[in-house]
Amino acid sequence: MGRMTVKKLVGLKGKRPITAITAYDYTSALLADAVGFDVVLVGDSAAMVIHGYESTLPIGMEEMLMHVRVVARTVKNALVVADMPFMSYQPSMERAIENAGKFMKLGAAAVKVEGGREVAELVSRLVSYGIPVMGHIGMNPQKFNVYGGFKLQGRDKEELLKDALALQDAGAFAIVLEKVPSESARYVTERIRIPTIGIGAGPHVDGQILVFHDVLGLIPGMEFRFVRKYLNGFEIMKEALERFKGDILSRSFPSPEESYE
Ligand code: KIV
């Protein structure tokens with residue numbers, strides 16, 4: 001199949017669902033690529049699932065560059081998309097272009113910015129300089145303070161469509177639709193040429209994405225209606241670590257086979 005490109009990804013619309021997941025480090029990138037996801041997003045959700053913050057706002061370029069560097073170096077087949085963190089693109093066009101360029105230099109194939117009409121001009125500038133852009137509308141986690149929480153957005157499907165069309169016209173190659181009613185997601189998906197990738201947007205989108213740690217149940221207490229948890233990873237790993245600790249205490253580790261003469 002070869003490496004996923006922006007062009008190939010757009011060509012999947014209407015053919016088969018696009019598969020996407022987040023990754024932040026060597027292990028998650030290795031796993032995501034071994035499974036063969038189309039898109040690996042180095043999400044600013046790293047702030048919450050890697051660094052333990054309660055929102056995505058605290059993470060900055062320094063940490064995101066570290067995550068993008070290792071994921072881009074590890075992934076061989078998927079399209080690697082780097083998420084632009086809060087205040088890395090809002091203050092000025094120059095700062096946004098410079099920061100997006102830093103991700104591309106590390107090997108990302110595209111960047112993602114949150115927002116609709118308000119970022120259209122930025123999207124168009126980035127694309128014109130050779131930086132493909134994935135849009136992100138509906139519930140934008142970077143705006144949770146304005147919403148008063150991570151609340152459902154996009155009930156007004158006409159407004160959502162205006163944002164999606166603005167991004168498409170600006171040259172975005174795909175759009176993440178987050179936490180919107182299924183009917184709004186369907187309305188937008190059927191009216192734009194570029195793929196929509198849903199997270200909490202129901203089934204009528206062109207693809208689905210979830211956060212790596214949510215799929216594998218790695219963080220206790222993080223439960224969302226739109227997440228399907230495929231593993232109770234935290235409990236399984238905890239149990240393995242408890243057994244290791246027990247073996248140290250009982251001196252059954254290491255055995256002669258695990259030792260050198
Ligand atoms: O940061 C992230 O992980 C994201 C996805 C949830 C789409 O933006």
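Just so you know, ligand 1 is whichever comes first in the structure, and atom 1 is the first atom listed for that ligand.
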Item checked: Close residues, ligand 1: non-hydrogen atom nearer than 4.0 Å -> Thr22, Leu41, Gly43, Asp44, Ser45, Asp83, Lys112, His136, Val176, Ile199, Val211
Next item on the list: Tell me who clusters with Ile248, hydrophobic residues only, linked when side chains sit under 4.5 Å apart either directly or through other members.
Entry: Phe244, Phe253
Check: With a 6.0 Å cut-off on ring centres, are His204 and Tyr187 close enough?
Finding: no
Check: Counting only heavy atoms not in Glu121, do more than 12 sit closer than 6.0 Å to its CD atom?
Finding: no
Next item on the list: Verify the neighbour count for atom CZ of Arg155: are there more than 12 heavy atoms of other residues, nucleotides or ligands below 6.0 Å?
Entry: no
Checklist line | Test: Lys162 and Glu159 ion pair at under 4.0 Å | finding: yes
Note to self: Closer than 4.0 angstrom, basic N to acidic O: yes or no for Asp33 and Lys76?
What the structure shows: no
